[in-house]
Amino acid sequence: MLRHRVQPMGPAAGDVHADSQAWWKVMCLTGVDYFSSLAYVPAIAALAAGAVSPLATLLIVALTLLGMLPMYRRVAKESPHGAGSVAMLADLLPFWWGKLFVLVLLGFVATSWIITITLSTADASVHVVENPFFPAALHGHQVVLTVALLLVLGGVFLLGFSEAVKIAIPLVAVFLLLNAVVIGVGLYQVFTTPGALSAWTGDLTDGGGGIGSLAGPALLAFPLLVLGLSGFETGVSMTPLIAAEGDDPEERLRARVRNARRLLTTAAVLMSVYLLAASFVATVLIPHKEFKAGGGANGRALAYLAHAHVGEAFGTVYDFSTILILWFAGASAMAGLINIVPRYLPDYGMAPEWGRAVRPVVLVYTALCIVITIAFGADVNAQAGAYATGILAMMVSGAFAVTVFTARHRRRVPAVGFALLTAVLLYALVANVVDKPDGLAISGCFIAGIIAVSLVSRVARTTELRTDRLEFDSAARRFIADTLSYDGSINVIANRREAGDGAEYLEKEHEQRGMNPVPGRADVLFLEIDVVDPSDFSETLTVRGVEIEGFRVLRAEAPAAPNAIAAVLLALRDVTDVRPHCYFAWAEGSPVRHMLRYFLLGRGDTAPVTREILRRNEPDPSRRPGIHVGA
C-alpha cells in the first residue's frame with residue numbers, strides 16, 4: 001500500500017520518477033478531461049449563443065492560445081516540481097497566513113477535480129442509460145452504475161500511473177480520430193449542401209444590430225465555455241511524471257520543463273482546432289431546436305452529427321467512445337489530485353505521512369467520490385455549480401499568480417496582459433457564482449473540511465522529529481570530537497540566544513551548573529535553535545558550530561525548537577554511540593499559553609515537549625538522551 005509515494009516539493013524531490021513517461025503519453029492522460037469536452041461544449045455553445053456560437057468559440061480559442069497557454073507555460077517553468085500555480089501564490093504571504101491561503105486554494109482545487117471525477121462519471125452513466133443499445137435494465141440505476149464506474153477508475157490507479165497512461169492513450173487516440181471523421185464529414189456537408197451556409201449567415205444578420213448583436217450573445221456564452229479549459233492545471237501538476245534526458249539533475253529539470261511546455265502547447269493547439277471546427281459544423285448543420293432540452297443534440301452535438309451524417313453504426317461506435325472517455329475523464333483529475341495535494345499537506349504537517357503514498361490516497365478520493373455521487377444522486381446538473389466554481393477559482397488564482405510574478409520581474413507588457421486575463425477569468429467566475437451560488441457553498445464545505453483535517457493532523461503530529469535530513473558542518477563536528485576527547489561524554493546546555501556574547505554564555509553555564517546535575521568538571525556545549533518559520537513543518541536541519549569568546553555553540557534554524565533539539569540529540573547519540581544529556585531551565589507562565597506558543601510560534605515550555613518527542617521516537621530508556629530541568 002505504501003510502496004509508491006509522491007515526492008515532496010522543491011529540489012529535495014529529486015529528478016527521477018519511477019513511473020515517468022514520454023510527454024505525449026502524459027498528455028493523453030491529462031487530455032482525457034480536456035479532449036472529452038468535445039462531447040458537450042459545442043452543444044453548450046450552440047444553445048447559449050445560437051448562430052453566434054462559432055464566434056463565442058473563437059473567443060475561447062483566443063483565450064486559450066493568447067492567455068491560458070502563455071500563463072501555464074510560465075507556471076510550468078516557475079513550478080517544475082508539480083506544485084502548480086498554488087506554489088507561486090504561497091510565496092506571496094508569509095507564515096501562517098500563507099499556509100491558510102494555500103489550504104483555501106487547495107479546497108478549490110479539490111472541489112474542481114473531485115467534482116470533475118463524479119460529474120464526468122455521472123455523465124458517462126447518462127450516456128449509457130440513454131443509449132438504446134445498452135440493456136434497458138440499467139434504466140433507473142444511474143447511481144449504482146456511476147459508483148461501479150468510480151470503483152473501476154479507482155482500481156486502475158491502484159494498479160499504478162503507468163496503467164492509467166496505457167488506458168488513456170488508445171481512448172484519446174480513438175476519440176480524436178472519430179471526431180476528425182465527424183468534423184470532416186460535417187465540413188463536407190456544410191460546403192456541399194445547398195443553402196446550409198447561406199442559412200447560417202442569414203441567421204447572423206437577422207438581428208440587424210451590427211457588431212453588438214453578434215458580440216452580445218458571444219460574451220454571454222463565454223463564462224460557460226471557459227470551463228472547457230480545465231486541463232491546464234492538471235498538466236503542470238504532472239510535470240514530475242514527464243520523462244526527460246540529461247547529464248545532470250539541472251539539465252534533466254530543464255528538459256522536463258521543455259517537455260511540459262510542449263505538452264501544454266500541443267494539447268492547446270489540437271483542442272483549439274477541433275473545438276472551432278466542431279462548433280462551426282454543429283451550428284450550421286443542426287437545427288437550433290435540437291440543442292434544447294429533449295432535443296437530439298442536447299449535450300451531444302457531434303454524436304448527433306455522427307448518427308445523422310456518417311451512419312448509425314458509426315454513431316454507435318462514437319457513442320461508445322464518448323462513454324469511455326467521459327468515464328476516464330476523471331482519471332485526469334485523479335492524477336492531478338494524487339500529484340498536487342500530497343506535495344503540500346504532509347510537508348505542512350497537515351496530513352499523515354502516509355498521505356504521500358499513492359494507493360491510500362486513491363482509496364480516500366474514491367470513497368469521497370462515491371459519497372458525493374450518492375449525495376447528489378449522480379445528477380450532472382446538481383454538480384455543475386461546484387464544478388464551475390472550483391475550476392474558475394483555480395484558473396483565476398493561477399492567472400493572478402503569474403500576473404504578480406511578471407510584475408515583480410518588471411515585465412510590464414506581459415504583466416498587463418496577464419492582468420487582463422485575470423480580469424476575464426474573474427468575470428467568468430463571478431458570472432457563474434451569480435448564476436449558481438450553490439457552487440460556492442459546496443466549495444466552502446471542501447475548504448472547511450481540508451482546514452479541519454489539516455489542523456487535527458498538525459496537532460497529532462507535534463511529537464514527530466520533523467527533520468528530513470540532519471547535517472553537522474565541520475566546526476560542529478570538531479566541537480563534538482573535542483568534547484568527547486575531554487571526558488568521553490556529551491553535555492549540552494539548551495539556550496535561547498539574547499545578546500549572544502560571552503557574558504550570556506558564562507551566566508547560562510553558571511546557572512545550569514548550579515541547578516542541574518551537570519558534572520562539576522564536565523565539558524559543555526551550547527545548543528541554540530532559531531525558529532525561522534513556525535508554520536513550516538519539516539526541512540533539512542543544518543547544525544553549525546560557532547565559537548564565541550571560548551564558548552562553543554551549536555546553532556540551527558528550524559520551524560520548532562523542541563523537535564529540532566530532539567533531532568540533534570538523537571543524531572549525536574547515533575554518530576557517537578554516546579548517550580547525550582541536555583540541560584534546561586523551567587519556563588515561567590501558563591501551560592496553556594506555552595502550548596499555544598509552541599503550536600503557533602514553535603516555542604513554549606521546551607523541556608517537557610522535547611522529552612516527550614524523545615520518548616515517542618526512542619522507546620528504550622537506556623538509549624534515550626537524558627533531559628534535565630532545574631528551577
Side-chain angles (χ1 to χ4, degrees), residues 467 470-532 534 541-576 578-589 591 593-594 597-598 601-614 624-631:
T467 301
L470 194 147
E471 302 170 348
F472 292 95
D473 72 1
S474 58
R477 292 196 298 270
R478 187 177 70 253
F479 293 169
I480 296 167
D482 289 346
T483 196
L484 279 173
S485 64
Y486 181 82
D487 55 11
S489 63
I490 301 177
N491 292 282
V492 178
I493 296 176
N495 181 52
R496 183 174 181 180
R497 186 169 69 256
E498 295 177 358
D501 55 14
E504 177 182 341
Y505 297 110
L506 179 62
E507 180 182 354
K508 188 72 174 182
E509 182 176 352
H510 283 318
E511 174 193 83
Q512 288 299 309
R513 289 188 185 275
M515 64 184 185
N516 266 322
V518 182
R521 293 181 176 273
D523 186 48
V524 296
L525 298 175
F526 289 89
L527 177 58
E528 297 175 345
I529 304 299
D530 296 324
V531 176
V532 287
L541 197 64
T542 301
V543 182
R544 298 174 291 108
V546 181
E547 187 167 352
I548 299 173
E549 299 181 25
F551 297 97
R552 291 161 299 169
V553 184
L554 303 178
R555 286 181 181 169
E557 295 181 345
N563 308 72
I565 292 173
V568 170
L569 293 176
L570 288 172
L572 287 173
R573 180 206 64 186
D574 293 340
V575 300
T576 64
V578 173
R579 180 174 176 243
H581 293 263
C582 191
Y583 304 92
F584 297 82
W586 283 112
E588 302 288 339
R593 183 170 63 88
H594 283 307
R597 290 185 70 246
Y598 167 65
L601 304 177
R603 294 189 181 276
D605 196 355
T606 304
V609 179
T610 302
R611 199 265 178 189
E612 178 61 17
I613 294 170
L614 289 171
R624 191 182 302 151
I627 298 297
H628 309 275
V629 191

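All of these numbers come straight from a predicted model, not from anything done at the bench.
Under a cut-off of 6.0 angstrom, the local environment of CD in E507 is sparse, with at most 12 non-hydrogen atoms contributed by other residues, nucleotides or ligands.
Side-chain contact between R513 and V524 is present, with heavy atoms from C-beta onward closer than 4.5 Å. Looking at N563 and T467, their side chains never come closer than 4.5 Å, going by heavy atoms from C-beta outward.
A donor and an acceptor atom, one from each side chain of N491 and Y583, are located under 3.5 Å apart.
Distance CD1/I548 to OH/Y505: 4.0 Å, rounded to 0.5 Å. Distance CG/L470 to CG/L541: 4.5 Å, rounded to 0.5 Å. The distance from the CD atom of E471 to the CZ atom of R544 is 13.0 Å, given to the nearest 0.5 Å. One finds the CG atom of D482 at 8.0 Å from the CG atom of D523 (value rounded to the nearest 0.5 Å). R603 contributes atom CZ, which lies 12.0 Å from atom OH of Y598 (distance to the nearest 0.5 angstrom). We find the CD-CZ distance between E504 and R496 to be 11.0 Å, quoted to the nearest 0.5 Å.
Residues D605 and P608 approach most closely at O-CD, 3.2 Å, considering heavy atoms. When every heavy atom of F472 is checked against every heavy atom of L572, the shortest pair comes out as CZ-CD2, 4.0 Å. Counting all heavy atoms, side chain and backbone alike, E528 lies closest to N495 at OE2-ND2, 2.8 Å. Taking each heavy atom of I529 and A560 in turn, the nearest pair found is CG2-O, 4.4 Å. The minimum heavy-atom distance linking G488 with V578 is given by the pair O-CG1, 3.9 Å. The two residues G502 and F551 come nearest to each other via the heavy atoms O-CE1, 3.6 Å.
Looking at R573, its side chain never comes within 3.5 Å of a backbone N or O of P580 through a donor-acceptor pair. Counting only distance, with no hydrogens or angles, the side chain of D473 and the backbone of T542 share no donor-acceptor pair below 3.5 Å.
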> Between L570 and L614, is a side chain to side chain contact (heavy atoms under 4.5 Å, CB included) present by the stated rule, with each step listed?
Replying inline: CA-CA 8 Å; L570 288 172; L614 289 171; 3.7 Å; yes
> Is there a side chain to side chain contact (heavy atoms under 4.5 Å, CB included) between F584 and I565 once you walk through the steps?
Replying inline: CA-CA 11 Å; F584 297 82; I565 292 173; 4.0 Å; yes
>> Before you tell me yes or no, could you show the steps for L569 and I627 under side chain to side chain contact (heavy atoms under 4.5 Å, CB included), namely the whole-Å CA-CA distance, both residues' side-chain angles and the distance that decides it to 0.1 Å?
In response: CA-CA 10 Å; L569 293 176; I627 298 297; 3.9 Å; yes
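Scored by the side-chain contact (heavy atoms from CB on, under 4.5 Å) test, E557 finds D530, V532 as partners (sequence neighbours excluded).
F526 pairs in a side chain to side chain contact (heavy atoms under 4.5 Å, CB included) with only one of the listed residues (R555, R497, R552, E509), which is E509.
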